[in-house]
Amino acid sequence: MPRHPNEALFEGEPPMPVIPSCEHFAGTEQRIGKAFELQNEMGGVFDITMDLEDGAPTGEEKEHAQMAARMQNSPGNTHNMAGVRIHDYTHEHWKADADIVVGEAAERVAYLTIPKCTEASQGAEMIEYIRERTQKAGVDREIPIHILIETHGALHDCWELAALPNVQVLDFGLMDFVSAHHGTIPASAMRSPGQFEHQLIRRAKGNVVAAALAHGVVPAHNVTLELRDEEVIYGDAQRAREEFGFMRQWSIYPAQIEPITRAMAPATPEVELGQAIMLKAFEADWGPIQHEGDLHDRATYRYYWEALQRARLMNVPLSDEVEDLFFSGDGS
């Protein structure tokens, strides 16, 4: 019997992580609880990031980290799809953040996000500390790491940052990146259409995506400042995906989640084509095939296999045959 796509199509290289295309930020216990409720209602199609960096009141960093760990372990976290953004390298509380969250919730925290690195060595030191703390907690797993690219130094070192151990996502942080340019990038570039047209921002986004994809890391797009207009939100996510190659986008307001996931999801015709091609390829034991007059081989199989995995994660219906052949028994 032919091998599973994960075994047959990625020999010698790790497959791209298949994770939700939307990451929703929440900084208070109440908003995190509401986010859990919405995550359950929507069937686990988005991640939640508990924010310790911007969410913690000054002087209450310890209590805020303890709250995040408690919410990780709460019954509301039914999907185990919640991460935590800790403080940056220069903040005196970043190690305490890691101590508390990893020490109390290492088995359930989906990922840790590291903000505002100014050089790769900072990210490396923080990751090593998190790995040591995880081992100390007696947990046999490597916690995925997300790194924010929002400073000149991080952009310069983004290829090195993407190559660090356990890095799963490179996030582009638009607001801090614009602020770091001391007025040479206008405030209008913090929203559309400027964020997709200013040359410095286009260069930065392109570099982040290239560095991420070259290392098997998911590139994540910045927030959209429009909170309610679904057409604008959808349009931003669509441009981020189709023009720049981002595979994920932040949400800062519940109404943003649905249009982001819809814009990032594989289109129905692509899913249908991918199912047909993957079934034929499986029958051919992953050798070349023809489908509707086109030649397909392992390169296109990898493309459509990843598309089908993303579609399933977003609750796009797949055929019973594809479900049984590729996704039964947690084979995905």
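The first residue in the sequence is number 1, and the count goes up from there. In this text the structure is predicted, and so the values were computed from the model without any measurement.
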| task | Might you confirm whether atom CZ of R239 has over 12 heavy atoms from other residues, nucleotides or ligands at distances under 6.0 Å? | result | yes
| Which is it for Q168 and H146 under the side chain to side chain donor-acceptor pair (under 3.5 Å) test, yes or no, and what are the steps along the way? | CA-CA 6 Å; Q168 183 186 62; H146 298 189; 2.8 Å; yes
| request: Would you check if M278 and L308 make a side-chain contact, meaning some heavy-atom pair closer than 4.5 Å? | output: yes
| field | N-O pairing of E104 and R70 below 4.0 Å | value | no
| task | Check whether the ring centres of W250 and H24 lie less than 6.0 Å apart, and answer yes or no. | result | no
| message | Please determine whether a side-chain nitrogen of the Lys or Arg among R302 and E306 lies less than 4.0 Å from a carboxylate oxygen of the Asp or Glu. | response | no
| field | Salt-bridge contact D97-K62 (side-chain N to carboxylate O under 4.0 Å) | value | no
| field | Parallel, tilted or perpendicular: ring planes of H93 versus H91, cut at 30 and 60 degrees | value | perpendicular
| Could R191 and E226 be called an ion pair, given the rule that one side-chain N must be under 4.0 Å from one carboxylate O? | no
| message | Between H4 and W305, is the ring centroid distance below 6.0 Å? | response | yes
| task | Return the orientation label for the H215 and W159 ring planes: parallel under 30°, perpendicular over 60°, tilted otherwise. | result | perpendicular
| said: Salt bridge check, E107 against R141: does any charged N sit closer than 4.0 Å to a carboxylate O? | reply: no
| task | Give a yes or no on whether the backbone of Y253 and the side-chain of S251 come within a donor-acceptor separation of less than 3.5 Å. | result | yes
| remark: The complete set of salt bridge (Lys or Arg N to Asp or Glu O under 4.0 Å) pairs with one or both residues in residues 167-187, sequence neighbours excluded, reads K116-D176
| Taking the inter-plane angle between the rings of H221 and F196 on a 0 to 90° scale, is it parallel (under 30°), tilted (30 to 60°) or perpendicular (over 60°)? | parallel
| note | d(T261 OG1, R248 CZ) to nearest 0.5 Å is 12.5 Å
| Side-chain donor-acceptor contact under 3.5 Å, Y111 with N166 | no
| message | Measuring from atom CE of M50 to atom OG1 of T28, what distance do you get when rounded to the nearest 0.5 angstrom? | response | 11.0 Å
| field | Approximate separation, where rounding is to 0.5 Å, of I100 CD1 and E61 CD | value | 10.0 Å
| remark: The reported gap from OH in Y304 to NE2 in H291 (rounded to nearest 0.5 angstrom) is 8.5 Å
